[in-house]
Engineer: 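Structure below; questions to follow.
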Number of protein chains: 2
Amino acid sequence: MTTQGSARERVLAAYEDLLINDGPRAATLGAVAATAGVSKGGLLYHFNSMEALTAGLVEKMRELATVDACIMSEDPDGCASYYVRTSIFGGTTFDRTVVAAMRLAQGEDSTVRAAFAEMHERWYKLILSDIKDPTVARAVMLLGDGLYYNAALFGLPTTPGQDAEAAGAVDVEALLRVVAQMRASVGQ
Amino acid sequence: MTTQGSARERVLAAYEDLLINDGPRAATLGAVAATAGVSKGGLLYHFNSMEALTAGLVEKMRELATVDACIMSEDPDGCASYYVRTSIFGGTTFDRTVVAAMRLAQGEDSTVRAAFAEMHERWYKLILSDIKDPTVARAVMLLGDGLYYNAALFGLPTTPGQDAEAAGAVDVEALLRVVAQMRASVGQ
DNA sequence: TTCACTATACCGGCCGGACGGTATAGTATA
DNA sequence: TATACTATACCGTCCGGCCGGTATAGTGAA
């Protein structure tokens, strides 16, 4: 039962928790309310339907994505490096939100998919500004995507801030060297 | 309403359809039965619970994965090439099953996650037998994963066998050239 | 300062329907 | 008649969503 922050924030955080740990089927209104330490009525005051709850999550993700893009564009080691480095799932607020939203990327819920498409577009542009060759840029981005999805879908640490380097984890250092080599091979 | 094949097969196919198109929340027993053109009783004759239905899906995926691994190991262009090539989502039976199972990769349903872990392990070993360097092999595999997940989670063609090369699609040919170069750079 | 009124935030109970699952009767084939 | 399978009816529970009500804080006029 989460008890810090405003009720609205807690509800959103609880929704994320349930989506990540137990999946969309378990993330019912009642469960979310209970996890947030709020009554169902209280939850529905802030989000008057399941759809609104999802919309709130997407909006939060959009906001965090904007901040992240800003940091990414100013990374001293370049956008490509940043993207791969941050794809190992650090357990940040942004990571949690993205992973939760990913669990909802389905069928009719086109708003979620649209938000992801937008985010991917932005990331690609940033990586392309770092690695000029479109194909190599795409390859690097896909590599980061693979890392992120694998972690998000299967190897997620249950409690945040825990061992990101679990058993069978990928050697990101070595991976970054490969990426650096790819970047160098294309000039610039 | 699907009407070919045995009832059991149709039920499994319907479950996949619903998971892919409408997500886990919509894939209820009633909806699956209706989509399969079978009564709920008929469905429960073959799979006597939701859990059993999921187990059936996982088992099907395991079987198809074994076949796929066999084909992969004998590809004339090498396992790495095969992996990346087949990651663009061809709409094959295997693809559909994997994507459906992916939607269930969550919380307590550890059997699904275990099956994926197993599959990944097998793929990695095959790629490593093709590309000797562990890091490069991992990079290539992650690239394929990224391709696959992006397609599975966001850019899925609604009707199978449709345009796999949709708008904003990735140039796989070019990507394969990058992979070939990575393979060559490591010798062998 | 007091009164009337409003806005915000939240609670807990309730309803109709959908859900997972069971029981059972029925049917086609061998 | 046995086997393999299907369809219907139903049960108890849970779910999404709504509603009446409460507590608090604030606002403006007298």
Side-chain angles (χ1 to χ4, degrees), chain A residues 1-60 100-101 103-104 106-109 111-112, chain B residues 1-19 21-60 100-101 103-104 106-112:
Chain A
M1 170 139 62
T2 322
T3 41
Q4 9 185 339
S6 76
R8 207 194 118 100
E9 285 165 9
R10 277 178 320 175
V11 166
L12 234 31
Y15 189 35
E16 290 174 5
D17 272 4
L18 285 166
L19 282 174
I20 292 172
N21 297 324
D22 304 321
R25 272 181 191 159
T28 66
L29 292 185
V32 171
T35 306
V38 162
S39 72
K40 216 159 101 172
L43 184 157
L44 286 161
Y45 171 78
H46 293 286
F47 305 96
N48 54 34
S49 73
M50 191 85 232
E51 206 178 333
L53 190 54
T54 300
L57 184 66
V58 171
E59 195 194 323
K60 182 179 173 187
R103 296 275 155 93
L104 294 172
Q106 69 199 18
E108 265 336 84
D109 225 327
T111 57
V112 181
Chain B
M1 172 137 65
T2 321
T3 43
Q4 6 185 343
S6 76
R8 208 193 118 98
E9 285 165 7
R10 277 178 323 182
V11 166
L12 235 30
Y15 189 35
E16 291 175 4
D17 273 5
L18 284 166
L19 282 174
N21 297 324
D22 304 320
R25 282 211 257 238
T28 65
L29 291 186
V32 171
T35 305
V38 161
S39 72
K40 214 163 101 172
L43 184 155
L44 285 161
Y45 173 78
H46 294 287
F47 305 96
N48 55 34
S49 72
M50 190 85 228
E51 205 178 334
L53 190 55
T54 300
L57 184 67
V58 171
E59 195 195 322
K60 182 180 173 186
R103 295 276 155 93
L104 294 172
Q106 69 200 17
E108 265 335 85
D109 225 326
S110 57
T111 59
V112 181

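Per chain, numbering begins at 1; letters A, B, ... match sequence-line order.
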Engineer: I'd like to check B:L53 versus B:V11 (side-chain heavy atoms, cut-off strictly below 4.5 Å). Are they in contact?
Structural biologist: yes
Engineer: Kindly give the heavy-atom pair with the smallest separation between B:A26 and B:A31, and that separation in Å.
Structural biologist: O-CB, 3.6 Å
Engineer: With sequence neighbours excluded, what pairs up with B:K40 under the salt bridge (charged side-chain N to carboxylate O under 4.0 Å, His left out) test?
Structural biologist: none
Engineer: Quick one: what's the B/S/- string for nucleotides 25-30 of chain C, heavy-atom cutoff under 4.0 Å, read 5' to 3'?
Structural biologist: ------
Engineer: Which residues pass the side-chain hydrogen bond (donor to acceptor under 3.5 Å, both in side chains) test with A:T28, not counting sequence neighbours?
Structural biologist: none
Engineer: Return yes if some donor-acceptor pair links the side-chain N/O of B:R25 with the main-chain N/O of A:A27 below 3.5 Å, else return no.
Structural biologist: yes
Engineer: Between B:Y45 and D:dC5, is there a side-chain N or O to OP1/OP2 distance below 4.0 Å?
Structural biologist: yes
Engineer: Please name the pair of heavy atoms, one in A:A101 and one in A:V112, separated by the smallest distance, quoted to 0.1 Å.
Structural biologist: O-CG1, 3.4 Å
Engineer: Please give, in whole Å, the distance from C:dT22 C1' to B:L43 CG?
Structural biologist: 14 Å
Engineer: Check side chain to side chain contact (heavy atoms under 4.5 Å, CB included) between B:A55 and all other residues, then give those that pass, not counting sequence neighbours.
Structural biologist: none
Engineer: Treat primed atoms plus P, OP1 and OP2 as sugar-phosphate and everything else as base, then score nucleotides 9-19 of chain D 5' to 3': B for base contact with protein heavy atoms under 4.0 Å, S for sugar-phosphate contact only, - for none.
Structural biologist: ------SBBB-
Engineer: Can you tell me if the side-chain N/O atoms of B:H46 get under 4.0 Å from OP1 or OP2 in D:dT6?
Structural biologist: yes
Engineer: Which donor-acceptor pairs under 3.5 Å do side chains of residues 41-52 of chain B form with protein atoms, sequence neighbours excluded?
Structural biologist:
| residue | atom | partner | partner atom | Å |
| --- | --- | --- | --- | --- |
| B:S49 | OG | B:E51 | N | 3.3 |
| B:S49 | OG | B:A52 | N | 3.1 |

